[in-house]
Amino acid sequence: MIITFENGAGKERRSEIVLAALRLLPGAALRRRGRGLELRVARPEKLADAAPALENLPGVEKVSFSECELSPLACAGGDRRFSNPLDFRRGPVLIAGPCAVEDEASYLGAAAALEEAGAHALRAAIFKPRSSPYAFQGIGWPGLRIIAKAKKLTGLPLVTEATDTRQVARLTEVCDVLQIGARNMRNYELLKEAAGSGRAVLLKRGMRATLREWLLSAEYLLSRGAKKIVLCERGDSSGDGSAMDMGLIRKARKITGLPVIADPSHASGDRRLAAELALRALRAGADGLMMEASQDPFSAKVDGRQTVGVETFRTIAAAACAKNRR
Ligand code: PEP
Ligand code: MN
């Protein structure tokens, strides 16, 4: 943590600030740094409460942190290679499926075709967070039986979005990875519930969320007991075509020990761009992809425009495999 002094803060004022800092953070190691002070503490979780008190002191211009001071567990070398339910050890993990489960026949058909085309896990969304309250909200609980069938049919793990704390326990009976969607990245109660489920959690970056906010949400999961976490970059838009931030994927990978995958479907909003974006994300070092793919994107109720067909998915899977020996 760095405390920057105000220009006008004299020697006495600065000493008072140092004493206050040591009172709030006993045992902190101090070092002068430019017009301020650097503090290193053994227990970074103490910083979150010390900072508001410190930045309120007369003579303090600002208090700043590195991402890893705020999210020590996310930066502590989490499991980037876990093998169950997703295996990141042999190259990119490909999660594919339609945006939403719509009915049994189309979902089972897509699941089997995508497994054959190279998917390692299935998107299996039965609850959909929609911008419009009038739009299809997902098939709901009747879908649980359908996705369970798909899992049995394909042998693939299921990645399922929980949109509400009350869904978590029942979803975990069948689902292998709980997805926290972009809209819910800042839903801290949902993060706590998902963390306590014992399942792996896929955490999407919220729209316009900074790396710092994203990692803080990951920290919620890790500090509440989640062991297996995947970060997923999905761009900043809700389908207006703006792409995703490859620099962010690289940086998130570099400073955390967590796998970071990319969702080119929601990032692009357009199947013609999604395939190219998928390959770019892999070149940028992404640990995998989440792609909307189905047998008949043109009849999808949700996000069909950004859903690729099975053959396009097969091409992407082949490219990912060629690059990474899967
Ligand atoms: C999804 O993956 O189904 C989804 C709703 O995406 P996002 O949360 O990124 O908008
Ligand atoms: Mn979608």
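Both ligands and their constituent atoms are indexed starting at 1 by order of listing.
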## Note on the structure
Distance col, row Met246:CE vs Arg280:CZ, nearest 0.5 angstrom, shows 4.0 Å
### Message
Regarding ligand 1, does Gln179 bring an N or O atom to under 3.5 Å of one of the ligand's N or O atoms?
### Response
yes
### Task
For Val230 and Phe88, work out which heavy atoms get closest and say how close.
CG2-CZ, 3.9 Å
### Task
Mark up the atoms of ligand 1 that fall under 4.0 Å of a heavy atom belonging to Gly181, in ascending order.
8 (O)
### Query
In Å, rounded to the nearest 0.5 Å, how long is the span from CG of Leu221 to CG of Leu203?
5.5 Å
### Reported CD1-to-OG distance for the pair Ile3 and Ser64, which is rounded to 0.5 angstrom
9.5 Å
### Task
Would you mind naming the N, O or S atom of Asp303 nearest to the Mn ion (ligand 2)?
OD2
#### Entry: Taking atom 9 (O) of ligand 1 as the reference point, the nearest protein heavy atom with its distance
Arg234 NE, 2.5 Å
### Query
Between Asp263 and ligand 1, does any nitrogen or oxygen pair lie at a separation below 3.5 Å?
no
### Query
What atoms of ligand 1 come closer than 4.0 angstrom to any heavy atom of Lys128?
1 (C), 3 (O), 5 (C)
### Query
Does the N or O separation between Ala182 and ligand 1 drop below 3.5 Å for any pair?
yes
### Query
Would one find more than 12 heavy atoms of other residues, nucleotides or ligands at under 6.0 Å from atom CZ of Arg212?
yes
#### Entry: Arg253 side-chain N/O to Gly285 backbone N/O, donor-acceptor pair under 3.5 Å
yes
### Message
Just to confirm my numbers, could you give the angle made at the Mn ion (ligand 2) by OE2 of Glu292 and SG of Cys99, rounded to 10°?
### Response
90°
### Query
Quick one: which of Glu161, Lys204, Met207 has a heavy atom closest to atom 2 (O) of ligand 1?
Lys204
### Query
From Ser83 OG over to Lys228 NZ, what is the distance, rounded to the nearest 0.5 angstrom?
6.5 Å
